[in-house]
Amino acid sequence: MATRTEQIAAARGAATAARLAGQGLPAGGAWITAARRAALGRVQALGLPDRRDEYWKYTDPTPLIAPEVPSAEAEAGDTLFAAHDAVKLVFVDGRFDSEASDDPALAGLEIDLLGDAATRDIHWAREVYGVLEARGQSPVPRTLAALNTAMARDGVLIRATGKADRPVSLIHRHTQPASDAVLHHCVKLEPGAEVTLLEQGPAGARVNTVLEVDVADGARFHHVRAQGPEQGRRIVTHVFARLGEGSVFKSFTATVNGRLTRNECVLELLGRDGVAHVAGAAVGGADVHQDDTVFITHAGEACESRQVYKKVLRGGARGVFQGKILVHREAQLTDGYQISQSLLLDEDSQFLAKPELEIYADDVKCSHGSTSGAIDPVALFYLRSRGVPEAEAQALLVLAFLAEALAEVEDDRLAEDLRDWFDARLSQERV
Amino acid sequence: MLEIKDLHVKLEEEDKAILKGLTLTVEPGRVHAIMGPNGSGKSTLSYVLAGREGYEVTGGSATLDGADLLDMEPEERAAAGLFLAFQYPVEIPGVGNMTFLRTAVNAQRRARGEEEMSSTEFLKLIREKAKSLAIDADMLKRPVNTGFSGGEKKRNEILQMAMLEPKMCILDETDSGLDVDAMKLVAEGVNALRDAGRGFLVITHYQRLLDHIKPDVVHILSDGRIIKTGGPELALEVETEGYTDIVAEGAA
């Protein structure tokens, strides 16, 4: 009889073969074809995730790897960050729409499209595309990201040599009920460069996004994205970043609704004094499954990392947080912080958290915490006793709970936009 | 204005009777004080009137201008004109004091079918009221009661009262945790709100608050009932003789 391990391996092999059957690699120039072939090799060698994998214990990857795309009604997204002057790049069902987009010429930046990589040799991109993703395949395989590297046809390639004068804003639109959007973005920040990347809108029925960010010494990268409010989507995202000496990386994700959302973030602090902050705020109701999985490696000395995640769950929603800080022996004076908290608005909802620290250096400061709680009845009564109706009082307390995560967004105006977005969404839900 | 008749209340969880037939009427323009030893039911009375969960009314009634308070949600009681200054004001991290007050003022206005207050109007009013209570701009911006000292919390309660302009104010041990200066400031805030149309119920263990907020009527509460009612001199009697004699006399 086959052992459990053999059974899982057989199931994984079959699922991987089924997913790849009849799928040719996109056509492209030599460098990208080589990268895609190598990525395909990683998928074949490691296999796609199985629900019995420890790393997928709380989230079933089946809909993400099924050959058939689970359909989802095409919904218009909300417009956020409208007041921000940004270079807008529009993707419809995962394909770049040049007509709807701004001219990507921007001071301090070179912006190319992955779709054009077939004909152009974008020299720098070969050092990033699939390279950071490949580094992220150990110690845990993340083969949905390798599948993305192999199959993505579109995305942006951004190289920054100075301080960009405006953010780059990726706006997604979903029009086809069975669209399977596979997007791969690369950002390379040269020493001292600074870029803000914004993302919003539903990219498709099923979405697989990879963002690779190479942050050179002294460079600064800011990332703010909004996922939702469409409910039907199934989305997996991976952010891979490599940080040089004295560099800063900050990524914030706001999530509203979604049948299945898995956001992975894999960061490596390689130089001295690097700073990596990742944070998220999520709100979900019935049939929502929202998963944040973070893996931060401290390999450089005196780096700071910070993870702040808050989830508001109701109506049987499920929230997942898996966060790990790995501190290498040479990464002395590491300052690592991690907090994940959920606010459960009813007894049907669930929060599953797996905080992990693995530390090999002896002079470090690392702390982590995780809590689940309900709305404080005393606070609720206090607000109501002043005349605030129950639903409104609850919404105030929910926003107050999210406030600590939103405080992680460095740009106050962006934070305010997100706060208003949550406020509007919470108001609609209570009608 | 506030009419409480033969009110019986028990704690839901412990099945323990706390109020055992309390009767009391507060007329507009008058200040009634309730004094009583610990465990006599003072705080239960304030919470039951404000609508806090965990209490079961097993008999009697409480009305505000004829409307049945006990049948209303806490927010409806507030909109009807009832205000409770808490003994322990609640800290709410993440909600700005100003946002909270503006939400409350406008929610009450909406509930009464009145027009909402504009932000300019609101700002002007709150600055004026805050100034007289020595509440600075920083305290208005900070999250509700979070990190406030005992005195700041109580001043913040009075500020809310001043902004919401209730008909019937209940002050639950507002003097607890206050030094003399803070108590004077709070009392001045309360006295500024005294007028012919407004009733007050001041709940306190000690007489000292009543030196600053002069009551018209003083009641002694013991074991869930009012056992004695008199003028301000009754508070002085408590101060000099303690509760024991009065309670014994009431039981006799």
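Since we're looking at a predicted model, the values are computed, not measured. Numbered from 1 within each chain, the chains take letters A, B, ... in sequence-line order.
In this structure, the portion of B:Val144 lying under 4.5 Å from any heavy atom of chain A is its side chain and not its backbone. Neither the backbone nor the side chain of B:Ala111 comes within less than 4.5 Å of any heavy atom in chain A. Heavy-atom distances place both the backbone and the side chain of A:Glu390 under 4.5 Å from chain B.
Side-chain atoms of B:Asn97 come within 3.5 Å of backbone N or O of B:Met139 as a donor-acceptor pair. Looking at B:Arg112, its side chain does come within 3.5 Å of a backbone N or O of B:Ala79 through a donor-acceptor pair. Side-chain atoms of A:Gln290 never come within 3.5 Å of backbone atoms of A:Thr255 as a donor-acceptor pair (strictly under, hydrogens ignored).
For the options B:Leu101, B:Ile92, B:Thr99, B:Asn106, heavy-atom pairs under 4.5 Å to chain A are most numerous at B:Ile92. Looking only at heavy-atom pairs under 4.5 Å with chain B, the residue among A:Asp376, A:Leu383, A:Leu402 that has the most is A:Leu383. Comparing B:Glu91, B:Glu53, B:Glu73, B:Arg77 by heavy-atom pairs within less than 4.5 Å of chain A, the highest count is held by B:Glu73.
Aromatic ring pairs are classed by plane angle as parallel below 30°, tilted from 30° to 60° and perpendicular above 60°; the pair A:Phe381 and B:Tyr47 is perpendicular.
A cation-pi arrangement, defined by a distance under 6.0 Å to the six-membered ring centre and an angle within 45 degrees of its axis, is present between A:Arg386 and B:Phe83.
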